[in-house]
Amino acid sequence: METTEVTGGWEAAVLDGGPADGVRMKVSGRPRVIQVTYPCQVEGSPAGVHAEGVYLYRRDYTVTDEPLRYGFDVASP
C-alpha cells in the first residue's frame, strides 16, 4: 500500500513517551518533528531572561492513519 503525504488540512496526532506522553493535538502537513517546550525557573537573572527545556518528537512513518504518532527522541536536541 502506498502512502500519500497530506499537504493541507488538520489531522489528529498523539505523542508517545517522554515528558509529553499521551498529549493529543492536531497537525497540518504531517510535520516530521514536533517540538515541546517546558518553562524552567530562572533565579538571579536579568529582567526578561527565561529558559525552557526542549524536547523533540519524531513522526512514526509506519503509522499512516489518524491519529498520527510521534515518538520521543531521547537523543535530542
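Counting from 1, the numbers follow the sequence of the chain as shown. Keep in mind that the numbers below use all heavy atoms, side chains included, and drop hydrogens, waters and symmetry copies. Bear in mind that the values here come from a model prediction, so they are computed numbers and not experimental data.
A donor-acceptor pair under 3.5 Å links the side-chain atoms of Tyr57 to the main chain of Gly17, judged by distance alone. Looking at Tyr55, its side chain never comes within 3.5 Å of a backbone N or O of Tyr38 through a donor-acceptor pair.
Between the CZ atom in Arg30 and the CZ atom in Arg32 there is a gap of 14.5 Å [rounded to 0.5 Å]. We find the CD-CZ distance between Glu66 and Arg24 to be 10.5 Å, quoted to the nearest 0.5 Å. The distance from atom CG of Leu68 to atom CG of Leu15, rounded to the nearest 0.5 Å, is 11.0 Å. Interatomic distance, CG of Asp16 versus CZ of Phe72, reported as 12.0 Å (0.5 Å rounding).
Nearest heavy atom pair, residue Cys40 against residue Gly53, reads SG-N, 3.6 Å. In plain terms, the two heavy atoms of Val63 and Asp65 that are nearest each other are CG1-O, 3.4 Å. Looking at every heavy atom in both residues, Gly9 comes nearest to Ser28 through O-OG, 3.1 Å. Contact record, Ala51 with Val42: N-CG2, 3.6 Å, taken as the closest heavy-atom pair.
When side chains are defined from C-beta on, Val27 does not count as touching Arg59, because their heavy atoms never get closer than 4.5 Å.
Note on Tyr70: it does not cluster hydrophobically with Val14, by side-chain heavy-atom contacts below 4.5 Å among ILVMFWY residues.
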